[in-house]
Amino acid sequence: MAELDTSETGSDTGLRPGLRQRHLSMIAIGGVIGAGLFVGSGKTVHDVGPGVLLSYALAGLVVVLVMRMLGEMSAASPETGSFSAYADRAIGRWAGFSVGWLYAAFWILVLPVEAVAGALTINRWVGWDDSKQWIWALALMTALTVANVLSVRNYGEFEFWFASIKVVAITLFLAVGVLAVAGLIPGLRAPGTSNLLGHGGLFPHGPLAVLGAVPVVAFSFIGAEIATIAAGESQDPANAVRKAVNSVVWRVLVFYVGSLAIVVTLLPWDDASVKESPYVAVMKLYDAGSAATIMDVIVLTAVLSCLNSSLYTASRMLFSLSERGDAPKFLSRLNGAGSPRNAVLAATVVGFAAVACSYKWKDGVFSFLIESTGGIALLIWLVIAVSQLRMRKTFERDGVLLPVRMWGYPHLTVAAIAGIVVLYLGFGLERATRPKFLLTTAIAVVVVAWGLARDACARRRAAQTTAG
């Protein structure tokens with residue numbers, strides 16, 4: 001069997017292996033813990049009821065399968081472009097081009113959203129009026145841009161500490177929550193099943209609400225795949241990918257399903273405080289007078305982590321696209337530290353512009369950004385599954401050793417593809433998410449059409465060259 005030697009170099013593209021194993025471990029663990037869990041999950045709980053646990057479990061199952069498929073490809077052939085590079089090889093240039101640009105655009109559009117979210121928190125602490133929050137947003141983006149331009153090690157260090165804080169916070173929440181559910185906290189009575197069954201039952205809005213929430217929940221899981229992109233800049237990519245993939249099951253079960261199970265057990269799902277911020281509401285049960293401040297610190301950490309990862313991920317995807325001739329060549333130039341400086345700066349241009357626009361058209365700008373990225377996670381997962389279905393045959397034909405293997409191939413891969421398609425169509429059937437579905441679909445169609453047109457032009461030029 002042939003085995004790819006990736007032990008000494010993080011990438012064959014010129015990027016330096018500046019990430020250590022501890023960086024990769026925390027990037028993998030922290031990748032699924034964002035502000036969406038601490039704050040955004042409250043609205044989903046309020047819209048679905050206790051049955052939201054099933055929504056998260058179903059979305060988590062898809063994530064686990066997709067990460068296993070991506071892990072198989074990444075461990076066998078680590079590349080900074082990750083699934084975009086694999087789509088290029090397995091499906092066609094148009095597919096790698098399309099999914100690469102969609103993914104890069106997703107994280108570029110997330111940049112200003114996270115920057116302004118962090119600015120709102122800081123603004124509240126210092127007591128400035130809302131008209132000055134853009135100053136903090138620009139400051140946060142500038143600081144992390146400088147760090148990412150200097151070297152990949154800076155990204156790894158920032159993410160290590162950001163993720164560590166998030167993991168400690170959610171672990172403490174789980175520990176205290178289990179004690180509260182068991183009735184072991186003085187002054188706090190064990191709730192039993194009263195909150196789970198006493199407010200309309202597990203499915204107060206019906207089973208369809210559970211299924212309709214799965215695509216929305218799926219959006220909060222995007223980021224799990226960042227570890228496979230970062231592995232390309234580590235000293236032992238195959239081992240890093242294997243550990244990241246193997247840990248995804250317990251990350252989903254513990255951080256999402258576990259913590260939300262505590263929320264809906266301790267509090268009625270229809271309580272207004274749950275919709276506003278479920279984790280703050282639970283902490284107030286323990287008479288934590290500073291609950292809001294504690295959660296502000298955690299949310300700010302999650303926001304900065306997402307901002308840091310957004311910048312890193314967008315720049316590496318732009319770099320990979322440039323390396324493959326699908327983006328301007330200047331984006332693949334490296335500075336002395338082996339960092340794609342131009343790609344980092346290009347990614348921040350849109351972020352800075354959106355922050356500037358938000359100063360005048362705050363609601364309009366961010367509504368568009370959020371709506372336009374709604375279903376991209378599902379489209380990316382679909383491409384990953386189709387790529388793995390085809391690349392496994394190539395690996396087996398070439399005798400490549402697979403450190404990570406997809407379970408039940410090809411049957412489970414085909415089932416995952418069918419499930420993702422159903423979820424995406426369900427995304428369009430649900431009235432609340434239909435605008436996101438339509439906008440995301442329209443953007444995806446334009447990008448794919450662009451990619452197909454480029455391929456057709458390239459084939460025509462090649463035919464003309466051959467004929468000449």
- side chain to side chain donor-acceptor pair (under 3.5 Å) between Tyr279 and Ser41, worked out: CA-CA 9 Å; Tyr279 294 84; Ser41 58; 4.7 Å; no
- Query: Should the ring pair His205 and Trp269 be called parallel, tilted or perpendicular, given that the plane angle runs from 0 to 90° and is split at 30 and 60?
  - Reply: perpendicular
- Under 30°, 30 to 60°, or over 60°: which ring-plane class applies to Tyr103 and Phe106, parallel, tilted or perpendicular? parallel
Side chains of [X] and [Y]: closer than 4.5 Å at any heavy-atom pair?
X	Y	result
Trp407	Arg68	yes
Leu196	Val264	yes
Phe221	Trp381	yes

Point-to-point distance, once rounded to the nearest 0.5 Å, from [atom1] of [X] to [atom2] of [Y]:
X	Y	atom1	atom2	answer
Leu412	Met406	CG	CE	4.0 Å
Thr301	Asp296	OG1	CG	10.5 Å
Ile135	Ile122	CD1	CD1	12.0 Å
Ile380	Ile420	CD1	CD1	11.0 Å
Ile298	Thr293	CD1	OG1	11.0 Å

Side chain [X], main chain [Y], donor-acceptor under 3.5 Å:
X	Y	answer
Ser322	Ser332	yes
Asp88	Gly96	no
Ser320	Arg316	no
Ser305	Glu159	no
Thr313	Ser309	yes
Ser74	Leu70	yes
Asn195	Thr265	yes
Asn335	Arg341	no
Ser55	Val210	yes

- For residues 440-449, pull every pair meeting salt bridge (charged side-chain N to carboxylate O under 4.0 Å, His left out), keeping only residues two or more places apart or in separate chains.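 For residues 440-449: none.
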- Query: What pairs with Glu225 under salt bridge (Lys or Arg N to Asp or Glu O under 4.0 Å), at least two apart in sequence or on another chain?
  - Reply: none
- Listed partners of Asp326 passing side chain to side chain donor-acceptor pair (under 3.5 Å), at least two apart: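 Side chain to side chain donor-acceptor pair (under 3.5 Å) list for Asp326, sorted by chain: Arg93, Arg454.
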- Task: Could you tell me whether Arg324 and Glu79 make a salt bridge, using a distance below 4.0 angstrom between a side-chain N and a carboxylate O?
- Result: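 Result for this pair is no, no salt bridge flagged.
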- Task: Before giving the answer on side chain to side chain donor-acceptor pair (under 3.5 Å), spell out for Thr441 and Tyr424 the whole-Å C-alpha distance, their side-chain angles and the decisive distance to 0.1 Å.
- Result: CA-CA 10 Å; Thr441 303; Tyr424 190 76; 2.6 Å; yes
- Task: Report the residue from Arg405, Arg392, Arg242 that forms a side-chain hydrogen bond (donor to acceptor under 3.5 Å, both in side chains) with Glu72.
- Result: Arg392
